[in-house]
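Atoms within a ligand are numbered from 1 in the order they appear, just like the ligands themselves. Basis for what follows: all heavy atoms, side chains included, without hydrogens, waters or symmetry-related copies.
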Amino acid sequence: MAQEKTAPQPKDWIMGIAPYVPGKSSGDGGQKLIKLSANENPLGCSPAAGAALNAASGSVDRYPDPGSTKLREAIAAKFNLDPERIICGTGSDDVLHLAANAFSGPGDEIIYVRYGFAVYDIAARRYGGTPVISEDNDYGTDVDAILAKVNDKTRVIFIANPNNPTGTLTPREEIARLHDALPGYILLVLDGAYAEYLEADEDDGALEFAKSANNVLVTRTFSKIHGLAAERIGWGYGHADIIGAMNRIRLPFNVTTAGQEAALAALAADDFVASSREHNQKWRQWLSDEMTALGNHGLRVIPSHTNFLLVLFDGKVTAEHANAALMDKGYAVRWLPGQGLVNGLRITIGTEDETRGVAKALREILEEAG
Ligand code: PMP
C-alpha cells in the first residue's frame, strides 16, 4: 500500500529549487548598507516617471488595464514594433517565467550559460524542466558550447545580453550564428535587461531578430536604467504565436496602474536615460581602473557592458572575506557562490560618492591584509 501522506506534497522538482537570494540592503545586524548589490539605477527614476507614480496613487480602487494597452503601444512606437506582439509582465522575471511555462515542462531541457542569471534556473525547474548549463568562455557566453548542448529535448535557451552577473556582451554576429544553427522548435530568449547601457554600435540586434524569426523572444525591463525596480514592470517581444501562448497563462492584471503610468513616462524620458548611461559609463570606467590598479592583490576585472562590474579575487583576500569586510564598512555588494562564482564580487555602479566609497573601502581591506 502507498505510504500515507499527512501533508500536501510539493512536486519533487519544486523542492529541487534553491530559492532566489536577493541582493542585500542591510547587514546581518540589521544595519542599513549602501546598496550596490542589485544593479539598480543610483540616480533614481526620471522626474516624469516619479510624477506619474504620484498621480496614479489616487486611483487604487479599480483594476489596472489587463492588457497594458497604452504601454504596449508606446513601446511599439518607440522601437518600431507591433504592439500585438508585445507582452508586459510583473518585471521581466514574470516574462521569463511565462516563457519557460509555455514552452517547457517535465522531460524538456532548458539551456543557459554557466554564470547566467539566477532566475533561469528557477524558471526552468519550476515547470519540471531540466536545466542544462553550457560552459562559459572565460566568463563570456560561448555559442559553440551552447550548440553542443542542443538536442531533441531542448525547448528553451536563455541568454542575457549583456549578461548578469558577468557583464559580458555576445556580439550580434554570434547571436545570429547561434540562431541560424538552432532547430526551429527551440525558443531562443534574448534577455536585454541591461540593453540600454550599450553603445549604439554594440546593439546585439535582438529586436531585429525577433521581428523576422518565429522562435525568438526578447525581454526588457524598466527596473534598471529607468529606475523603476520597485514597480515591477517588464516586457517581451516575439512572434504573435509565442506571445499568444504566453498571454493564455499570464495573470490578468499583472502590471499595476501606477506601474503602467510610470513606465509610459519613463519611455519618453530620453534625457534621463542618456544621463544615466553617461553617469554609468564614467563611473564604471573609473571603478574598473581602480580595481585593475589593485591587480597586485590578485584582483581582475571582467570587462563590463552593464551597470555593474564583476571583480575576481585570486590573492590573499578571498571574495567571501572581501564581501563580509565591505559589509562591516557599510557596503552591500553581491557575492554569488550559489551561482558558482565563489571567487567573484559583483559591484553595482553607484553615485559618485558610493562608487568612490566602495573602491576606497576595498582598497583598505586589501591593504590591511598585506
Ligand atoms: N534579467 C536579468 C539579466 C537581470 O539581471 C534581471 C534583474 N536582476 C532581470 C532579468 C529581472 O529584472 P526585473 O524582473 O526587475 O525586470
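- Using a 4.0 Å cut-off between charged nitrogen and carboxylate oxygen, E109 and K149 do not count as a salt-bridge pair.
- Of all the heavy atoms of S92, the ones lying under 4.0 Å from any atom of ligand 1 are found in both the backbone and the side chain.
- Residue contact check: A160 has heavy atoms under 4.0 Å from atoms 3 (C) of ligand 1.
- With atom 4 (C) of ligand 1 as the reference point, the heavy atom nearest to it among Y20, F117, F308, W235 is part of F117.
- Under 4.0 angstrom from ligand 1, the non-hydrogen atoms of D93 come from both its backbone and its side chain.
- For ligand 1, one of its N or O atoms has an N or O atom of Y194 under 3.5 Å away.
- Below 3.5 Å of separation, one finds no N or O of N39 facing any N or O of ligand 1.
- Protein heavy atom closest to atom 1 (N) of ligand 1, with residue, atom name and distance, is D191 OD2, 2.6 Å.
- Between D94 and R232 there is no salt bridge, since no side-chain N of the basic residue sits under 4.0 Å from a carboxylate O of the acidic one.
- A salt bridge does not link R114 with D142: none of the charged nitrogens is closer than 4.0 Å to a carboxylate oxygen.
- Of all protein heavy atoms, the one lying nearest to atom 14 (O) of ligand 1 is R232 NH2, 2.7 Å.
- Distance from atom 8 (N) of ligand 1 to its nearest protein heavy atom, with residue and atom name: K224 NZ, 3.2 Å.
- For atom 15 (O) of ligand 1, the closest non-hydrogen atom on the protein side is S223 OG, 2.6 Å.
- Between E290 and R356 there is no salt bridge, since no side-chain nitrogen of the basic residue lies less than 4.0 Å from a carboxylate oxygen of the acidic one.
- With respect to K211 and D82, no salt bridge is recorded, no charged nitrogen being found less than 4.0 Å from a carboxylate O.
- Side chain of S37 to main chain of K24: a donor-acceptor pair is present (N/O by atom type, distance under 3.5 Å, no hydrogens or angles).
- A salt bridge between E364 and K360 is present, with a side-chain N of the basic residue lying under 4.0 Å from a carboxylate O of the acidic one.
- Per-residue contacts place T221 under 4.0 angstrom from the following atoms of ligand 1 (heavy atoms of the residue considered): 13 (P), 15 (O), 16 (O).
- The six-membered or imidazole ring of F117 lies away from that of Y112, with a centre-to-centre distance of 6.0 Å or more.
- In this structure, G234 falls outside the shell of residues with a heavy atom less than 4.0 angstrom from ligand 1.
- Environment of CG in N296: crowded, with over 12 heavy atoms of neighbouring residues, nucleotides or ligands closer than 6.0 Å.
- The distance from ligand 1 to the heavy atoms of N164 drops below 4.0 Å at these ligand atoms: 3 (C), 4 (C), 5 (O), 8 (N).
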